[in-house]
Structure formats: structure tokens, C-alpha cells
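Some notes on the structure that comes next.
Whatever order the structure lists ligands and atoms in, that order sets their numbers, starting from 1. Remember, it's a predicted structure, so these values are computed and weren't measured experimentally. Reckoned from all heavy atoms, side chains included, excluding hydrogens, waters and symmetry mates.
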Amino acid sequence: MTSVLSHSNALEYGKEVLIYFDNRRKFLVKLEQGKKISSDRGTIPVDSIVNKEIGSQVTTSLNVKAWILQPLLIDYLEKGIKRVTQVIYPKDLGLIILMLGLESGYRVLEAGVGSGNTTMVLAHFVKPQGHVFGYENRKEFIEIAKGNLARMGLDKYVTIKYGDIRKGVDERGLDAAIIDIPDPWEALDSLYLALKPSASIAFFIPSMQQLLKLFEAIDEHKGFIDIRAYEILLREIELSRRAIRPSTYMVGHTGFILFARKIIKSSQ
Ligand SMILES: C[S@@+](CC[C@H](N)C(=O)[O-])C[C@H]1O[C@@H](n2cnc3c(N)ncnc32)[C@H](O)[C@@H]1O
């Protein structure tokens with residue numbers, strides 16, 4: 001299966017689309033012959049969608065307008081995956097992608113894999129030549145992550161291994177790493193061995209205590225430089241013709257992100 005994010009504009013049976021009513025009502029739907037798409041806004045027969053153009057408007061049985069859109073990766077992160085663990089949010093993943101310099105062909109290390117949310121993003125950016133090597137120490141999560149990756153056609157770009165990253169990894173010469181485990185300071189030697197010189201690492205850290213401990217451990221390790229930490233606050237602006245203003249509620253905290261780059265340790 002190719003990635004579901006292939007950009008064919010043809011609305012044909014088997015394709016997955018995003019049915020958009022408004023910013024809060026969006027559904028990922030597979031176009032299956034003879035089926036009806038049901039929501040609190042009424043039903044839409046799938047047969048009335050095929051042969052339309054992507055971006056077209058349709059009307060439900062309750063006379064409500066909806067639009068047929070091409071799903072993006074973020075639509076799958078928000079709507080299309082099974083979550084059994086905390087995941088890294090899109091606001092944080094955006095910076096991580098840039099700071100790791102992710103591109104097609106990269107071989108990337110990830111631990112832990114959890115639900116595979118971040119794995120999907122990594123695979124999307126390194127495909128088709130690159131590969132993600134994921135380590136996860138809970139077997140039951142590996143199956144969930146594999147299911148999420150297969151649903152998007154990204155499984156062939158990922159190898160998930162059952163193991164503890166703190167005890168070492170099999171790969172060498174990797175281009176980048178992302179670490180989201182509770183005690184990443186215990187994984188520094190594994191990371192140092194697995195990465196090629198100059199490769200970047202992103203550590204996702206939920207609390208200040210963990211951030212402090214990680215920073216001190218990296219500082220003492222001497223194998224990494226360009227150490228920086230960030231917290232990203234994303235505030236939505238509500239848009240209406242009456243009043244444009246920040247949303248009352250926001251996600252106040254997800255985690256801190258610490259970045260570092262591997263260097264060749266000096267012998268002096
Ligand atoms: C918060 S989840 C990762 C979520 C992932 N970053 C995402 O966005 O979907 C943390 C995962 O790390 C795994 N884990 C914890 N310690 C580990 C270790 N030492 N080696 C490998 N995996 C580990 C846990 O089992 C859990 O699934």
C-alpha cells in the first residue's frame with residue numbers, strides 16, 4: 001500500500017477523504033461503494049461523492065453543506081490514530097522536524113514509540129529512501145503503533161524493536177534521534193554510539209525536574225554541544241466577523257524540548 005497521503009485528486013472508491021463541515025466537525029472517511037456517511041448533520045451517500053472533484057461541496061440529507069478535502073498528515077494525527085499513550089503534539093513536532101533537519105533518506109532513531117504518533121511523522125518525512133528505527137519497551141504498544149502506521153501505508157519505512165534504549169541499540173551512523181522516555185539521561189551512551197557525528201537529537205521532557213537532570217547529564221557527558229531547550233505555546237485566535245480575539249482556553253503545557261548535537265569527544 002502506498003501512503004494514504006498520495007496526492008491524487010481523483011475521488012474514487014477506496015480513497016480516504018476529509019469531510020469538512022466546520023473547524024470542529026471534520027471526519028476522515030473511506031469512500032466505500034453503496035455506503036452512507038452519517039453525522040449529526042445528516043447523511044451523505046458515498047456514491048454522490050465519487051466522480052466529483054476534490055474541494056467540491058456536498059449537501060447532507062438535512063440540507064447542511066460540507067466540503068470534500070484531501071486529508072493532510074495533521075488530519076490523521078488529530079483524527080485518524082488510536083492513542084494509548086501520551087503523544088507529542090503537532091505544535092512541538094513542527095520545531096522538532098526543523099531542528100533535526102529531517103529529510104527524505106534520513107535514518108532516524110526513536111524511543112519510545114508509544115502509539116506511533118511521532119513515528120508516523122518521522123516516517124512521512126524520511127520516506128521513501130529513509131527509515132525509522134523505533135525502540136519500545138512495552139510489547140502491547142508496539143502492536144498499536146504498527147496498526148497506526150499500516151493504516152497510513154507508512155509501515156514499510158519503520159522497524160520497531162522491543163527493547164530498552166538505555167541498554168543500547170543495534171544501529172550505527174544514524175542521522176538524527178528523538179527520545180520521549182521518562183529518564184532520557186540514562187540513554188546518552190546508547191545515543192552517542194548510534195548517531196553519526198554532528199547528528200541532532202530532540203528530547204521531549206514533561207517536567208522541569210527531568211529537564212534539569214537531563215541538562216546536567218548532557219553537560220557532564222561532553223559528547224554533545226549546541227544544547228538548547230524550548231517550550232512552545234500555541235494560542236489559537238478565534239476568527240469571527242464580530243470579534244477576533246485569542247481563544248479563552250488553550251493547551252497550557254505539553255512538555256519541554258531539549259535539542260543537542262553529537263560531537264567527536266576530544267581526547268584532552
Ligand atoms: C509518551 S510515550 C511516547 C509517545 C510518542 N513520542 C508519540 O508521540 O506517540 C513513551 C513511551 O516510551 C516507552 N518507554 C519508556 N522507557 C523506555 C525505554 N527505556 N526504552 C524504550 N521505550 C521506553 C513507554 O513504554 C512509552 O510507550
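A donor and an acceptor atom, one from each side chain of Y13 and D47, are located under 3.5 Å apart. Side-chain atoms of E53 and S56 form no donor-acceptor pair, as typed in the model, at a separation below 3.5 Å.
Y192 and F224 have perpendicular rings, their planes meeting at more than 60° on a 0 to 90° scale where under 30° would count as parallel.
No more than 12 heavy atoms of other residues, nucleotides or ligands lie within 6.0 Å of NZ in K35, so this atom counts as exposed by the packing criterion.
Considering only heavy atoms from C-beta on, I227 comes within 4.5 Å of L258 through its side chain.
For ligand 1, the protein residues placed under 4.0 Å by at least one non-hydrogen atom are T85, Q86, V87, I88, G112, V113, G114, G116, N117, T118, Y135, E136, N137, R138, F141, G163, D164, I165, R166, D180, I181, P182.
For the side chain to side chain donor-acceptor pair (under 3.5 Å) condition, the pairs that include at least one residue of residues 247-259, sequence neighbours left out, are K91-T254, D92-T254, E231-H253, E238-S247, R245-T248.
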